[in-house]
Amino acid sequence: MRIRDKKKVALVLSGGGIKAAAFHIGVCLALQEKGFKFAGGTKEMVCHSFNDGDPLTIRLYVGSSAGAFVASILAAGYSVESLVNAFQIGSGTNPSFDKSDLRYLKPISYRDIFNLNSSGLLKFIPRTLMEKALVTGGLESLLKNGLKLNGLFSTKGIENYLRKEVLLDNDFARLGVELFIIGTQLNHTRKAIFGNFPESYKTENTKYINYATISDAVACSTALPPVFAPYGITRPDGKEIYYYDGEIRDTLSTHVAADYGADLVISSYSIQPYHYTKEMGSLHDYGIPLIANQALYQVVQQKIARHIQHGNDIRGIYNAVDGYFKQVNLPPEHREKLLEIIRHRVNYRPEVDYIYISPRPQNYEMFFVDHFSLNPEILARIVRIGFKSGINALRRFDI
């Protein structure tokens, strides 16, 4: 694959907390080092600043959870360096935070991320203290009836930060690039995709939402249970529907980029289970939190591995069938008709190539670092891991 021959490049960013955001920033710096550009801003800004014919310009963004936060900022027209500034990585804060200046972003704080879900706490305390009958039903009854708190924190702080400090225009339709934010509908089994869609666009297993603002969509996607409460979006008919973390249904939503015309999909994900190292030893010695974290990472990594392997298997089968048809001299019109049937049945697009960027198992810091740390030194190390991971992955391709 020669990257410069591609017509439309997409960037897909997965979740994993603040450390995932830092990893994505490092990956973006690696892409920038290799000549990629990040288009973003309003239609007028993109038309003025980016050449339509440049094959290394990213014009489509897909984000889940922490990836949704990073993707929305890039799609809004901010540089990768401004993301470095927002997380105060390395040198710290910059003295200028003018919202109209797309070189800088106001540093994000713990207060922005952890907005206390006070209404939920007020509901929780009286029930557990006053309804003594709950205890007679046993521990399970107490937990089910007493713990009605739907999350310790709210993502309203993230929504507020994006709306007030970042987005010049909070409308998907006003962007000069394509941005899709992935969420999960709370009271259903389907994925939710926020973006600029036709009014009637819908499928059975996916809910397409075109009436949410960008900041509200990101607040939905970043609402990781049980830390964050599900986030409500009011439909045009006045009914409020709740959504939460975009990683619940699909860890990598690369298909969204392919569905909207990307023929090169670059996907960054930070989940990597711990592999034994002499420096850190066995997780057996670290207790329940890290063992539970390892179990979760193994489940997520298996989903990602299966996703990638499934795509490779479909490609291999398709190419084998195509090769056989050519070998037996099947008439071209019949060969193409049969291949079209296969493409439709398995939703396969032979013109689309994928680049997956993730940490190596040896990057144990990605596992041990807290998901929500804003420590500049820690984030700087994660950014470096992301940068090296991006450079290593891109070396295999002709740019």
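Residues: numbered from 1 along the sequence shown. Owing to the predicted nature of the structure, the values given are computational and were not obtained by experimental measurement.
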Distance-only, no hydrogens or angles: does the [X] side chain make a donor-acceptor pair with backbone N or O of [Y] under 3.5 Å?
X    : Y    : answer
K19  : M366 : yes
N363 : R360 : yes
S82  : Y78  : no
D398 : R2   : no
S109 : D112 : yes

Notebook entry, point to check: So, for S65 and D245, which heavy atoms are closest and what is the spacing to 0.1 Å?
Noted result: OG-OD1, 3.0 Å
Note to self: Test side-chain hydrogen bond (donor to acceptor under 3.5 Å, both in side chains) on R345 and N347; report intermediate values, then the result.
What the structure shows: CA-CA 6 Å; R345 290 291 182 89; N347 193 29; over 6 Å; no
Do [Y] and [X] meet the salt-bridge criterion of a basic N to acidic O distance under 4.0 Å?
X    : Y    : answer
R343 : E336 : yes
D237 : R235 : yes
R315 : D353 : yes
R174 : E44  : yes

Next item on the list: For the pair D259 and R349, evaluate salt bridge (charged side-chain N to carboxylate O under 4.0 Å, His left out) and give the outcome as yes or no after the intermediate values.
Entry: CA-CA 9 Å; D259 289 345; R349 296 174 175 82; 3.1 Å; yes
Under 4.5 Å between any side-chain heavy atoms of [X] and [Y], yes or no?
X    : Y    : value
R381 : I378 : yes
D370 : N375 : no
L162 : I73  : yes
I241 : T234 : no
F228 : T222 : no
K191 : I182 : yes

Rounded to the nearest 0.5 Å, what separation is found between the [atom1] atom of [X] and the [atom2] atom of [Y]?
X    : Y    : atom1 : atom2 : result
I357 : L394 : CD1   : CG    : 5.0 Å
K6   : I266 : NZ    : CD1   : 11.0 Å
I25  : Q32  : CD1   : CD    : 12.0 Å
L31  : H24  : CG    : NE2   : 12.0 Å
C28  : F23  : SG    : CZ    : 10.5 Å
I3   : K34  : CD1   : NZ    : 9.5 Å

Answer yes or no: does atom [atom1] of [X] have more than 12 heavy-atom neighbours from other residues, nucleotides or ligands under 6.0 Å?
X    : atom1 : answer
H188 : NE2   : yes
Y348 : OH    : yes
I288 : CD1   : no
K207 : NZ    : yes
F397 : CZ    : yes

Notebook entry, point to check: Would Y364 and Q362 count as a side-chain hydrogen bond (donor to acceptor under 3.5 Å, both in side chains) if you check the C-alpha gap in whole Å, the side-chain angles of each, and the deciding distance to 0.1 Å?
Noted result: CA-CA 5 Å; Y364 56 81; Q362 292 76 16; over 6 Å; no
Let me check something: any side-chain donor-acceptor pairs from residues 7-15 under 3.5 Å, sequence neighbours excluded? List them with distances.
residue: K8; atom: NZ; partner: E178; partner atom: OE1; Å: 2.6
residue: K8; atom: NZ; partner: Y260; partner atom: O; Å: 2.6
residue: S14; atom: OG; partner: S268; partner atom: O; Å: 3.3

Ring-ring centroid check [X] [Y], cutoff 6.0 Å:
X    : Y    : result
F368 : Y286 : yes
F367 : Y297 : yes
Y208 : F194 : no

Flag for [Y]-[X]: side-chain donor and acceptor within less than 3.5 Å:
X    : Y    : answer
N160 : R163 : yes
E159 : Y161 : no
S215 : K164 : no

Joint cluster assignment, [X] & [Y], ILVMFWY side-chain distance < 4.5 Å:
X    : Y    : answer
V46  : F172 : yes
V352 : L339 : no
I18  : Y244 : no

Next item on the list: Give me the one residue out of Y231, Y211, Y243 that meets side chain to side chain donor-acceptor pair (under 3.5 Å) with D216.
Entry: Y231
